[in-house]
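Here is the structure we will look at.
Just so it is clear, the model here is predicted, and its values are computed rather than measured. Side chains included, hydrogens not; waters and symmetry mates left out as well; all remaining heavy atoms used.
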Amino acid sequence: MAFSIMGILTIMEFLVYRDTRMKYEYEVDKDFTSKIRLNIDITVAMKCQYVGADVLDLAETMVTSAQGLAYQPVIFDLSPQQRQWQRMLQQIQGRLQEEHSLQDLLFKSAMRTSVLSLPPREDSPMEQPNACRIHGHLDINKVAGNFHITVGKAIPHPRGHAHLAALVSHDSYNFSHRIDHFSFGEPLPAIINPLDGTEKIAEDSNQMYQYFITIVPTKLNTNKVYCDTHQFSVTERERVINHATGSHGVSGIFMKYDISSLMVTVTEDHMPLWKFLVRLCGIIGGIFTTTGMIHGLAEFFVDLVCCRFKLGMYRPHEAGQVDRIHSNHCTETLAPDPL
């Protein structure tokens, strides 16, 4: 039994030794001069000539879509294969919110699949494109800013920021949108971003969608990937613009982001060999010691029970022998002398 338990625990300890764990370390981010890559793949249910996308940060720097974004006329409704891909991505998002260990598994695997990209349509629809896919990347400053998609193309203005919305009919407003991918930094297959797979259907033409994003610089160091990227958390809000009821604003999609002052370093940690050997010696020595104590305790109780049983058997027999000896001695003493 001791050797069987020892073998089972040794095998389990070896499996623990082969496995790795993700270690998270936090420090102050001291890099404020570098640029951040903003990766975008968003489909809006409006024609491309009616919408415009750009970035405006707190340094009053405007990054226009002409510097890295492409406008592609598409059909807003997904094909069956694309819809299946979106549902799979939404299921992963749901599991990530429940189990943080799943993100560790994605970090370790660093899967090189096409999870981050929407598959092409497998059918050839006859209807005309009714939406616009805005995709590409922009290099933005490492300060808080606002990426937005609204009516009209953006134009530079010396006193602020403007979109040519007067030429667009109000009946064509529809900010129903689908976010296939939205991330900061170098795109990695090991990271599923919080907004990937998000789909919003507008119930009113004057709908405003707001996403408040906090970006966390991240250094990823695993056995398969070593890079600098950015994770982020997001909260969202939507409302209908109605100036008569006091709900002011501009219809569109607004993503307001801020940079965290902390940087996270994610490292894949492996148990060192010496620690595995120490734990293995502890297992073997502990089993030997425990089984020895159990064996000695059991032997003590067995001897105690057996000794009591033997004393109970032979005590009456020995008493009878003593009585007979005393009787014989008395007989010999009292016998008359024949002489």
side-chain contact (heavy atoms from CB on, under 4.5 Å) partner of Ile259, the single match among Ile213, Asn141, Ile36
Ile36

Is it the case that one hydrophobic cluster holds both Ile283 and Ile5, taking links as side-chain heavy atoms less than 4.5 Å apart, direct or via other members?
yes

Are side-chain heavy atoms of Leu9 and Glu13 found at a separation under 4.5 Å?
no

Any chance you could measure Ile287, atom CD1, to Met1, atom CE, to the nearest 0.5 Å?
11.0 Å

Kindly indicate whether the side chain of Ile149, heavy atoms from C-beta on, has any atom under 4.5 Å from the side chain of Phe147.
yes

Is any side-chain heavy atom of Val44 closer than 4.5 Å to one of Ile253?
yes

Just wondering, more than 12 heavy atoms not from Lys219 lying within 6.0 Å of its NZ?
no

State, with a plain yes or no, whether a side-chain heavy atom of Arg237 is found less than 4.5 Å away from one of Arg239.
yes

Are His135 and Gln72 close enough that some pair of their side-chain heavy atoms sits under 4.5 Å apart?
yes

Minimum-distance pair of heavy atoms, taken over all atoms of Tyr71 and Ala53
OH-N, 3.0 Å

Looking at Ser251, is its backbone amide N or carbonyl O close enough to the side chain of Thr150 to form a donor-acceptor pair, meaning the two atoms are under 3.5 Å apart?
yes

Have Asp269 and Thr267 got a donor and an acceptor in their side chains that come within less than 3.5 Å?
no

Let me confirm one number: the OG-CD distance from Ser183 to Gln231, rounded to the nearest 0.5 Å.
11.0 Å

Are Asp180 and Trp85 close enough that some pair of their side-chain heavy atoms sits under 4.5 Å apart?
yes

Distance, nearest 0.5 Å, that separates CD1 of Ile40 from CZ of Arg133:
12.0 Å

For the residue pair Phe14 and Phe276, establish whether any side-chain heavy-atom pair is separated by less than 4.5 Å.
yes

Would Arg178 and Phe76 count as a cation-pi pair here, with the cationic atom under 6.0 angstrom from the ring centre and within 45° of the axis?
yes

Can Glu199 and Arg87 be said to form a salt bridge (charged side-chain N to carboxylate O under 4.0 Å, His left out), step by step?
CA-CA 11 Å; Glu199 185 175 22; Arg87 290 174 181 172; over 6 Å; no

Evaluate salt bridge (charged side-chain N to carboxylate O under 4.0 Å, His left out) for Glu268 paired with Lys23, printing each intermediate quantity in order.
CA-CA 6 Å; Glu268 188 173 4; Lys23 181 173 67 175; over 6 Å; no

Do any N or O atoms from the side chain of Thr291 and from the backbone of Phe288 form a donor-acceptor pair under 3.5 angstrom?
yes

Nearest heavy atoms of Gln207 and Ala202, plus distance in Å
CB-CB, 4.0 Å

Identify the two heavy atoms, one from Leu69 and one from His137, that lie closest to each other, and give their separation to 0.1 Å.
CD2-N, 3.8 Å

I'd like to know if the side chain of Lys200 and the backbone of Tyr209 have a donor-acceptor N/O pair within less than 3.5 Å.
no

State the OH-CE distance between Tyr173 and Met46, to the nearest 0.5 angstrom.
7.0 Å

What is the minimum heavy-atom distance between Gly68 and Leu138, and which atoms define it?
N-CD2, 3.8 Å

Nearest 0.5 angstrom please: Phe175 CZ to Ile241 CD1, how far?
10.5 Å

CZ of Arg83 to CG of Leu78, rounded to nearest 0.5 Å, is 4.5 Å

Can you find a heavy atom in the side chain of Tyr211 that is under 4.5 Å from one in the side chain of Leu195?
yes

How close do Pro217 and Asp29 get, counting heavy atoms only, and between which atoms?
CG-OD2, 3.3 Å

Pairs involving residues 252-262, ordered by first then second residue, that meet side-chain hydrogen bond (donor to acceptor under 3.5 Å, both in side chains) (sequence neighbours left out):
none

Path from Met12 to Met6 over hydrophobic side-chain contacts below 4.5 Å
yes

Connected via hydrophobic side-chain network under 4.5 Å: Leu220 and Tyr26:
yes

Within one Ile-Leu-Val-Met-Phe-Trp-Tyr cluster: Phe301 and Met293, side-chain cutoff 4.5 Å:
no

Please lay out, stage by stage, how His148 and Asp54 fare under the test side chain to side chain contact (heavy atoms under 4.5 Å, CB included).
CA-CA 6 Å; His148 52 270; Asp54 58 277; 3.2 Å; yes

Against the six-membered ring of Tyr17, is Lys275 placed for a cation-pi contact (under 6.0 Å from the centre, within 45° of the normal)?
no

Counting N and O atoms only, with roles assigned by atom type, does the side chain of Arg279 sit under 3.5 Å from a partner on the main chain of Trp274, one being a donor and the other an acceptor?
no

Using the side chain to side chain contact (heavy atoms under 4.5 Å, CB included) rule, take Met208 and Phe254 through it: C-alpha gap first, then chi angles, then the decisive distance, then the call.
CA-CA 8 Å; Met208 172 192 248; Phe254 298 87; 3.8 Å; yes

Using every non-hydrogen atom in the two residues, find where His181 and Asp196 come nearest and quote the distance to one decimal.
CA-OD1, 3.2 Å

Is a side-chain N or O of Lys142 found less than 3.5 angstrom from the main chain of Asp31, in a donor-acceptor match?
yes

Using atom types as modelled and distance alone, determine if a side-chain donor or acceptor of Thr43 lies under 3.5 Å from a backbone N or O of His177.
no

Are Val16 and Leu277 connected in a single hydrophobic cluster, I mean Ile/Leu/Val/Met/Phe/Trp/Tyr linked by side-chain heavy atoms less than 4.5 Å apart?
yes

